[in-house]
Amino acid sequence: MELTWAKALLLTGGVVLAPVFAIVTSLVFWPGVLLKAYNWYNRRSQGVAVRYSHSGSYRFCYSTRGTPGGATPSLLLLHGFGASKDMWLPVVMYLPRNLHVVCLDMPGHEGTSRTGAEDYSIQGQTRRVHQVVRHGVSLDKSPFHLVGTSMGGNVAGVYAALYPADVCSLTLVCPAGLVYPTESSFIALLKELDLEKPVAPSKPIPLIPTSMQELEAMLKLCCYKPPTIPRQFLRGLLANRIPNNDFYREVFLEIVGEKSRHSLQEHLNLITAPLQVIWGKNDQILDVSGAAVIQKALPHCQVDLLDNCGHAIALERPRKFANLVLDFHNKAKKQA
């Protein structure tokens with residue numbers, strides 16, 4: 001019997017509509033799954049693989065691309081508070097495919113083990129990063145270029161100070177852990193919260209959103225001009241963050257506590273590796289005046305300040321950021 005186009009459409013409709021229905025359903029009911037699928041696709045398209053390394057019962061999770069041991073030093077990237085290794089994907093897109101890159105999930109974040117406060121202070125995170133460098137990510141054969149942003153910048157600076165033989169060059173991106181001459185909008189908000197009180201603050205911590213309104217406020221605080229992100233992706237981001245909010249609060253109280261608050265400042269004089277500082281001039285989280293603090297302590301450092309850019313440089317200016325790091329990376333290699 002002749003198969004008309006109408007009958008063919010009816011017969012194939014189930015096949016065609018099933019995945020469409022699944023996608024629409026995930027958009028509406030499981031936006032967090034959609035965001036994870038997007039990150040998976042993004043990693044795959046860039047040739048980035050997720051790996052795990054164990055040290056006893058402790059598990060590290062990281063993503064990697066390229067092969068270690070070449071003429072060019074490897075690149076180890078440490079993300080900021082509440083983020084994950086995937087925050088670096090927009091930057092990795094602009095890095096050479098043959099460059100060995102490792103993006104680590106910081107202690108307790110995403111796929112790396114959660115333990116307790118002893119691992120969430122800046123000193124504790126530094127010890128854990130050293131542990132994975134020595135035993136898990138193929139970075140222990142020769143010195144590498146270390147990059148850290150915000151909380152990860154605090155950790156990276158302390159790491160370079162305590163383990164100078166591991167680090168051939170260092171990039172600090174809007175790092176935490178300094179005494180800032182000018183108070184940022186974020187620091188002013190924290191003072192209002194009075195986090196040192198034993199009871200929970202009545203207002204939410206700006207970097208730990210619990211609603212779409214708070215998430216949008218966080219993006220405005222982190223970015224000079226927040227990128228246009230589809231609302232379902234924002235819902236997915238929020239859905240994936242909310243179950244972790246108790247953990248984020250525990251980490252946050254550790255890194256702003258007395259032991260960690262000025263860790264980078266206290267270790268600046270011990271940093272011997274060639275140093276690059278990158279900062280957005282419009283950073284509302286950690287004021288750009290911190291760059292002058294580092295430059296005063298380490299006059300030979302290279303400082304790159306970005307116009308019309310806030311705290312989330314890897315999100316706002318990924319190409320520019322990648323080029324700055326690569327230029328410094330190559331210059332430091334020639335000088336070694």
Side-chain angles (χ1 to χ4, degrees), residues 18-52 59-65 77-95 101-114 149-152 204-249 251-252 285 310-319 321-322:
V20 173
F21 177 77
I23 293 171
V24 172
T25 301
S26 67
L27 278 167
V28 176
F29 297 107
W30 302 296
V33 174
L34 176 70
L35 185 60
K36 289 181 179 180
Y38 173 78
N39 285 334
W40 173 86
Y41 175 78
N42 205 354
R43 287 194 300 267
R44 186 176 177 84
S45 65
Q46 294 187 41
V48 173
V50 174
R51 297 283 184 264
Y52 295 91
R59 183 181 76 171
F60 297 96
C61 181
Y62 59 97
S63 59
T64 183
R65 188 178 73 186
L77 301 162
L78 307 182
H79 64 73
F81 168 76
S84 76
K85 60 188 175 300
D86 289 332
M87 72 150 280
W88 296 113
L89 286 173
V91 175
V92 173
M93 180 186 303
Y94 297 107
L95 297 177
V101 180
V102 175
C103 306
L104 182 67
D105 276 336
M106 298 296 279
H109 290 71
E110 196 76 9
T112 294
S113 291
R114 289 185 182 174
T149 184
S150 196
M151 175 191 79
I205 297 173
L207 296 183
I208 309 179
T210 60
S211 67
M212 284 292 289
Q213 183 179 5
E214 291 172 9
L215 178 62
E216 289 169 347
M218 182 186 79
L219 290 174
K220 288 180 180 178
L221 194 63
C222 290
C223 303
Y224 172 72
K225 184 179 180 182
T228 302
I229 301 174
R231 195 158 185 82
Q232 282 305 108
F233 277 83
L234 289 178
R235 292 186 185 279
L237 178 60
L238 184 65
N240 291 340
R241 288 180 64 96
I242 284 179
N244 299 302
N245 276 354
D246 287 343
F247 160 73
Y248 291 147
R249 177 177 171 79
V251 174
F252 189 80
I285 300 292
H311 188 69
I313 294 178
L315 176 64
E316 296 181 79
R317 306 284 289 281
R319 186 197 295 267
F321 176 79

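FYI, the numbering just counts along the sequence from 1. Every heavy atom of this structure was used, including side-chain atoms; hydrogens, water molecules and symmetry mates were not.
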Practice item. Applying ring-ring contact (aromatic ring centres under 6.0 Å, His included), name anything that partners Tyr224, two or more places apart in sequence or on another chain. Key: none
For the student: nearest non-hydrogen atoms of [X] and [Y], plus distance:
X	Y	value
Cys103	Val92	SG-CG2, 4.1 Å
Leu238	Ser211	CD2-C, 3.5 Å
Pro90	Pro318	O-CB, 3.4 Å
Pro226	Lys220	CG-CA, 3.8 Å
Arg51	Thr64	CG-CG2, 3.9 Å
Ser150	His311	OG-NE2, 2.9 Å

Exercise for review: Go through the steps for Ile285 and Leu207 under the test side-chain contact (heavy atoms from CB on, under 4.5 Å), then give the verdict.
Suggested key: CA-CA 10 Å; Ile285 300 292; Leu207 296 183; 4.0 Å; yes
Is any side-chain heavy atom of [Y] closer than 4.5 Å to one of [X]?
X	Y	result
Leu215	Leu234	yes
Pro206	Met218	no
Lys36	Trp40	no
Phe81	Ile208	yes

Review point. Checking side-chain contact (heavy atoms from CB on, under 4.5 Å) for the pair Leu35/Asn240: CA distance, chi angles, key distance, verdict?
Key: CA-CA 9 Å; Leu35 185 60; Asn240 291 340; 3.9 Å; yes
Please report the interatomic distance [atom1]([X]) to [atom2]([Y]), rounded to the nearest 0.5 Å.
X	Y	atom1	atom2	result
Cys222	Ile313	SG	CD1	12.0 Å
Leu78	Met87	CG	CE	10.5 Å
Tyr94	Arg319	OH	CZ	4.0 Å
Met212	Arg235	CE	CZ	5.0 Å
Met106	Tyr62	CE	OH	16.0 Å
Met93	Asn42	CE	CG	5.5 Å

Practice item. Using the side-chain contact (heavy atoms from CB on, under 4.5 Å) rule, pick out the option among Arg114, His109, Arg249 that qualifies with Asn244. Key: Arg114
Review point. Above 12 or not: heavy atoms from other molecules or residues under 6.0 Å from OH of Tyr38?
Key: no
Practice item. Sequence neighbours left out, what passes salt bridge (Lys or Arg N to Asp or Glu O under 4.0 Å) with Arg231? Give chain and number order. Key: Glu216
Exercise for review: Give the intermediate values and the outcome of side-chain contact (heavy atoms from CB on, under 4.5 Å) for residues Leu237 and Phe233.
Suggested key: CA-CA 6 Å; Leu237 178 60; Phe233 277 83; over 6 Å; no
Practice item. Walk me through it: do His79 and Glu110 pass the test side-chain contact (heavy atoms from CB on, under 4.5 Å)? Key: CA-CA 11 Å; His79 64 73; Glu110 196 76 9; over 6 Å; no
Practice item. Enumerate the residue pairs fulfilling side-chain hydrogen bond (donor to acceptor under 3.5 Å, both in side chains) with a member in residues 80-90, sequence neighbours excluded, ordered by first and then second residue. Key: Arg43-Asp86, Lys85-Asp105
